[in-house]
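Heads up: the structure comes next, in structure tokens.
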Number of protein chains: 4
Amino acid sequence: MTTGDLTGTGASSGGRTSRTAPKLEKLLSSSAGLMAQRGFSQTSIRDVANETGFSLGGMYYYFKSKEDLLYLIQEKTFSSLLEIQEAAASHDGTAEERLRKLIGNHLAYFLSHANELKVCTFELESLQDERYDRIAVLRRRYFSCMAHAVAEVLGESPNHPGVRHKTLFIFGMLNWIFMWFDPERDEPVDRLGDEMVDLVLNGLNGGKDG
Amino acid sequence: MTTGDLTGTGASSGGRTSRTAPKLEKLLSSSAGLMAQRGFSQTSIRDVANETGFSLGGMYYYFKSKEDLLYLIQEKTFSSLLEIQEAAASHDGTAEERLRKLIGNHLAYFLSHANELKVCTFELESLQDERYDRIAVLRRRYFSCMAHAVAEVLGESPNHPGVRHKTLFIFGMLNWIFMWFDPERDEPVDRLGDEMVDLVLNGLNGGKDG
Amino acid sequence: MTTGDLTGTGASSGGRTSRTAPKLEKLLSSSAGLMAQRGFSQTSIRDVANETGFSLGGMYYYFKSKEDLLYLIQEKTFSSLLEIQEAAASHDGTAEERLRKLIGNHLAYFLSHANELKVCTFELESLQDERYDRIAVLRRRYFSCMAHAVAEVLGESPNHPGVRHKTLFIFGMLNWIFMWFDPERDEPVDRLGDEMVDLVLNGLNGGKDG
Amino acid sequence: MTTGDLTGTGASSGGRTSRTAPKLEKLLSSSAGLMAQRGFSQTSIRDVANETGFSLGGMYYYFKSKEDLLYLIQEKTFSSLLEIQEAAASHDGTAEERLRKLIGNHLAYFLSHANELKVCTFELESLQDERYDRIAVLRRRYFSCMAHAVAEVLGESPNHPGVRHKTLFIFGMLNWIFMWFDPERDEPVDRLGDEMVDLVLNGLNGGKDG
DNA sequence: TATGAATGAGCATTCATTCAT
DNA sequence: AATGAATGAATGCTCATTCAT
């Protein structure tokens, strides 16, 4: 089996539609937890076995290699987030509302899937070749989603050079959160989202001058 | 020898003033290059030996452990950057000018010391105990430097809760650069700095409304 | 697996009752052979691998560290000897008969398990912390066994200060054997035991005077 | 230089007569301390350098190799002890008095040169080839010294088979002391010597019967 | 499905020793 | 007489992976 189907033996890969078996589910979330904490390369397959109660060899029924395990996590997580965001991006409303929604969704997803999202955010480079490419595609779609909203807010074309940078600045703010967010101190996330959107839209000067 | 002087046997540690020997210098910059590229845990001491031409064991004359090597890089780099920024933070001028300068300096330092700064940015957690603590102190001083400028621009106290988040957003923008910057495409850095400062101060709406 | 169960995850530790698997058995006896010959610290895990035909890493399935391997040998050997001696010490008969039996048993055990006993005798200090403590307990029980017999022969309390020294002198004679015993020259062991008991009971003067 | 003169370049080797330079003296006694504590193979030349304040390379002026250092310690210590004992063995008096003196001297020497004597006692096998042979010669002379006294007490020829074993039993008692002696508890050494001689001459039964 | 047993490559580190100075 | 710098070999150990069952 070993989902993701990079070898093309089955048709189960889609990710969004395939029902992930509960044991695999547990495997993925435990692994994500460990990898978020220690990083991919410092998480050993043995760690995962201990955490999940599986035997070392037994887990290889569910994935074909450590890298495949990482891929599975990223594929599942990223395509699920992407689905949410592409839906949000196609909603009616003002550009500003869409941007607000995209940022809010990202933060909400972060709250509920912190480990998985951290792994998606920081471990793309631990994938190679085809697995890298597949996730990179999702990432580009996600970037594009955000870039369009930014462009619209700016009233520019998405290809306008400034748009790229500004979108990347926004992703920087969003992704850096993994480095400092402390639920005790920084909740609620709504509020955080508002602050971020406010900075993004109006800057520190708050629209007072320009 | 093994500089860094975590054991407190000498007085050479300061970093800024001690003339680092040229061989150590090369060791540190080669290591930083590898670690920036592959990550600390995936950079083997053998890699460093091959890159530098040293024998495997020979390098242990210059540092006492792999972690010590990482510490040496971070200490040297971070304290040098910090020196620059603390000077900038104490200059006369408007708060906005100071913030602009801090961001500009950071980006300029990034351009000239990309590898080292990347290692400082992403590998703090690879240090432990005392070495972690020592670098964490520098990082906090750096944060504080930026937070003061942000607070001044906002006309708030540095302790105001919003200041922390906004400062972290700015660091997010700055630090995420390692993930996407491409000299071909994204130079000159001055321009990038201006864009970032512009976003930070005025937002996407560019101060046009509030 | 890694028997010995210092981490308390299983119930196999007893040593006397647990049937040691044949592969582990071979590992332990080969290791004991090498360690008896060259000493613990000079016996490399690679040596053991070569001797046993295991791969280097493969052996770590059976023990968790080199020190654990040493512990396993000592625990198994010492608790087996102790069982024999504690039984002998509780037999009926005169004190002199009991002492004779203890010395005879020790020498007989030496003949059949020379390597293991040598390792027990000279490598206690190569163990640390809990492993040290556990073997030290066995050793103290063994000492106590012998000391009781000595005390009885002397007609003293086991706590009498002279008893300790005399017991230690006897252990000195017994343990020093590893340094000189040569089967060609010094067999049979019965005879050696008689000579030792004779010295211990009657001295060089053979009870002729006092 | 590197005393001991195994290479035959000089005539300084004798040991008894050559005035050992004070720096070498310190080197030898520090080394003996470390080697007595941790064993020869676990004492690194770096340990010795740190303990003595010498630089690593600098010490090689005084000995040619780690093994040479061990040899130097053993040669100096053993030949000094041997000198004392051969003198004692040639004194007038009864055989019993001579045996008593030999045991007493050994214990006294142990008290004043515990580290060195421990190294002589347990690290002969760490020497090889010629160095081994040279120390083995001293050891055999020492054994012979004691064996003659034992033989005389027994009224046997030194070649009588029982004499060898009995002498070895005595050396066992004497040498095992390194394993348990605690100055707090076991002083004074005179008393210990008397107890040992008493056991050796009269046994536990104290000559009461036979 | 799942496991126990095993492998081979790789890793950080230590160490005795050398040598130019 | 002594040092700083460097080496090459060895060591204990971990790890992803495999495979018969």
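Convention: sequence-line order gives letters A, B, ...; per-chain numbering from 1. Predicted model only: the values in this text are computed from it and were never measured.
Between C:Arg46 and C:Met59, the closest side-chain pair of non-hydrogen atoms is not below 4.5 Å.
The residue among A:Phe54 and D:Glu67 whose nearest nucleotide of DNA chain E is located toward the 5' end is A:Phe54.
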>> Once pairs are restricted to Watson-Crick or G-U wobble with both distances under 3.5 Å, how does DNA chain E read as a dot-bracket string, [ ] for crossings and | for other-strand pairs?
In response: .||||||||||||||||||||

>> For a ring-ring contact (aromatic ring centres under 6.0 Å, His included) check, start with the C-alpha distance between A:Phe54 and A:Tyr62, then their side-chain angles and the critical distance, and finish with the verdict.
In response: CA-CA 11 Å; A:Phe54 274 93; A:Tyr62 294 96; 5.4 Å; yes

> What's the verdict on salt bridge (Lys or Arg N to Asp or Glu O under 4.0 Å) for B:Glu75 and B:Arg134, showing C-alpha distance, side-chain angles and the deciding distance?
Replying inline: CA-CA 8 Å; B:Glu75 203 279 334; B:Arg134 292 208 189 191; over 6 Å; no

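In terms of phosphate contacts, B:Lys64 brings no side-chain nitrogen or oxygen within less than 4.0 Å of OP1 or OP2 of E:dA12. A:Tyr61 has no side-chain polar atom (N or O) that falls below the 4.0 Å cut-off from OP1 or OP2 of E:dA2.
Counting only residues at least two apart or in different chains, salt bridge (charged side-chain N to carboxylate O under 4.0 Å, His left out) contacts with residues 50-63 of chain D are absent. A side chain to side chain donor-acceptor pair (under 3.5 Å) check over residues 30-40 of chain C, counting only residues at least two apart or in different chains, returns the pairs C:Arg38-C:Asp47.
Panel note: side chain C:Lys26, backbone C:Thr52; a donor-acceptor pair is recorded below 3.5 Å. Side chain of A:Lys66 to main chain of A:Thr43: a donor-acceptor pair is present (N/O by atom type, distance under 3.5 Å, no hydrogens or angles).
Residues forming a side chain to side chain contact (heavy atoms under 4.5 Å, CB included) with B:Ser41 (at least two apart in sequence, or on another chain): A:Ser41, A:Gln42.
For B:Asn115 against B:Gly33, the heavy-atom pair with the smallest separation is ND2-CA, 3.4 Å. Annotation for C:Thr121 and C:Phe178: closest pair OG1-CE1, 3.4 Å, computed over non-hydrogen atoms.
Rounded to whole Å, atom P of F:dA16 lies 9 Å from atom CZ of A:Phe63. The CG-C1' distance, from B:Leu56 to F:dA6, rounds to 12 Å in whole Å. Straight-line distance from the CG atom of A:Asn50 to the P atom of E:dG4: 12 Å, rounded to whole Å. B:Met59 places its CE atom 10 Å from the P atom of E:dT13, with the value rounded to the nearest Å. What separates OH of A:Tyr60 from P of E:dA6 is a distance of 18 Å, to the nearest Å. In this entry the distance linking CG of A:Asp68 with P of F:dA16 reads 14 Å, nearest Å. Rounded to whole angstrom, the span from the NZ atom of B:Lys66 across to the P atom of E:dA12 amounts to 5 Å.
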Side chains of residues 122-129 of chain A: which donor-acceptor partners sit under 3.5 Å, not counting sequence neighbours?
residue  : atom : partner  : partner atom : Å
A:Glu123 : OE1  : A:Ser126 : OG           : 2.7
A:Glu123 : OE2  : A:Phe40  : N            : 2.9

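The B:Lys23 side chain lies nearest to F:dA6 when the options are F:dA6, F:dC13, E:dT18.
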With 3.5 Å as the limit, what N/O pairs link the protein to nucleotides 19-21 of chain E?
none

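A heavy atom lying under 4.0 Å from DNA chain F marks the following residues of residues 26-49 of chain A, by number: A:Thr43, A:Ser44, A:Ile45, A:Arg46.
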